[in-house]
Amino acid sequence: PGGYLADRIGRARMIVSMTYVISFTYLIMFFAPSWEWILVASVIGSIALFYQPALSAIIADSLPKKTRGRGFAIINILPNITILFAPYIALIFISKYGIDGGTRWLFLLSFLTGIIAATVRLVSLKETIQERKLKNIEEFLADMKKEYSRAIRIVWRNMKILLIGYLIVGIANGLTYLVQLFALTYLLVGKDEWAYIQIASFAVFMILAYPFSIITDKIGRKPPILVAVIVASLGSFLLATAPIGKTASLYVFIALILSSLAWAAASSAIPALEADLLPQEIRGKGYAIVNLINSVTIALSQLLSGFIYTIWGPRAPFYISCVFWLLTIPLFIKIPETIKRSELKEPQSNAEEF
């Protein structure tokens, strides 16, 4: 329904209203007398996230094709910079007020920052499509069925290879879900070493995301995607073959660095390619379809990873993940490039266009 409404009533209205709703769920958590209240607030917050296709659609609508890769890179990088400081803020509150009191004050802080974010969106977001009003619930249901039937046909026609690739990538990603358990309890990587590896891999993403976005805009969407799947397969293979003991940390370090490199390469190329392939009038529904495929595939493969880990051994999920990554290479080679040479010529003012 979120994807349909994003295309029917507009992106901005959904984004702003649901951001306010999610913000107030944190206020409920602040005052919650028991876990049941936390559960209710969490369910409300999850339902309100149905605005996500609208958010993806308005970003795609607002970014010019020539600078789409760089735009998505900036959108990925900036929030992650602020996330770097979040654990330290949480530590301060927990240390001072304890788990219960500190967490409550953090919920209040989340409420306040959420209200600020919602208000900024209210003031600054400009609608990118024209609203089409709904008369009643019958019209809503009938029109949604009709519109999704049309959207599915367009998405399949434009993104067939990409959707099949998403299924395989979702399985490959999900199978590595237990990497932390694998590293700490099977390979015997130290907790401190694991923390430093995580920080280093995150830093690699932050450093490389924007350069890869320039490649996405200047050369094309396909090269970064191919780099991502090749490098990700190497990362899974290193994890699968890592020795137990002292040298395990080096293998895990290189594997997670490669994973971050793959993430940096794909984080702007994939969204830019999706925006190129999805017509504006069905973008909300298109993103809803893509998100559904990704979420279900990853969730099922994460569940499967636990069974494989237990039955076939801790290394098995990573070996199988490597195979699935390799299967995506010939598939993504067939993806049509959406940036033509004639479109690569720089406009007179990049900054003004962006």
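Between P279 and N158 there is a side-chain heavy-atom pair separated by less than 4.5 Å. Side-chain contact between Y319 and T241 is present, with heavy atoms from C-beta onward closer than 4.5 Å.
Aromatic ring pairs are classed by plane angle as parallel below 30°, tilted from 30° to 60° and perpendicular above 60°; the pair W263 and F205 is parallel.
In summary, the side chains of S321 and S236 do present a donor paired with an acceptor at a separation below 3.5 Å, with no hydrogens or angles considered. Side-chain N/O atoms of R121 and T19 include a donor and acceptor closer than 3.5 Å.
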**OP:** Apply side chain to side chain contact (heavy atoms under 4.5 Å, CB included) to the pair Y26 and L112, showing each step before the final yes or no.
**Re:** CA-CA 9 Å; Y26 291 117; L112 295 173; over 6 Å; no
Subject >> Check against side chain to side chain contact (heavy atoms under 4.5 Å, CB included), W37 and M29 >> reply: CA-CA 7 Å; W37 286 78; M29 294 179 183; over 6 Å; no
Subject >> Audit row: V16, Y20, side chain to side chain contact (heavy atoms under 4.5 Å, CB included) steps and yes/no >> reply: CA-CA 6 Å; V16 171; Y20 276 116; 3.7 Å; yes
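Residues forming a ring pair (Phe, Tyr, Trp, His ring centres under 6.0 Å) with F31 (at least two apart in sequence, or on another chain): none. Partners of V120 under the side chain to side chain contact (heavy atoms under 4.5 Å, CB included) rule, at least two apart in sequence or in another chain, are I116, S124.
Look at R221 and E337 and you find no salt bridge, because none of the NZ, NE, NH1 or NH2 atoms lies under 4.0 Å from a carboxylate O. Look at K246 and E193 and you find no salt bridge, because none of the NZ, NE, NH1 or NH2 atoms lies under 4.0 Å from a carboxylate O. Ion pairing between a basic and an acidic side chain is recognised when a charged N comes within 4.0 Å of a carboxylate O; R68 and D217 show no such pairing.
The shortest heavy-atom contact between A248 and L187 is CB-O, 3.6 Å.
Proximity of a side-chain donor or acceptor of N291 to a complementary backbone N or O of P53 within less than 3.5 Å is not detected. Of the possible donor and acceptor atoms, none in the side chain of D61 sits under 3.5 Å from a partner among the backbone N and O of Q280. At least one donor-acceptor pair under 3.5 Å links the side chain of S233 to the backbone N or O of I230.
For an aromatic pair to be called close, the ring centres must be under 6.0 Å apart, and F182 with F318 satisfies this.
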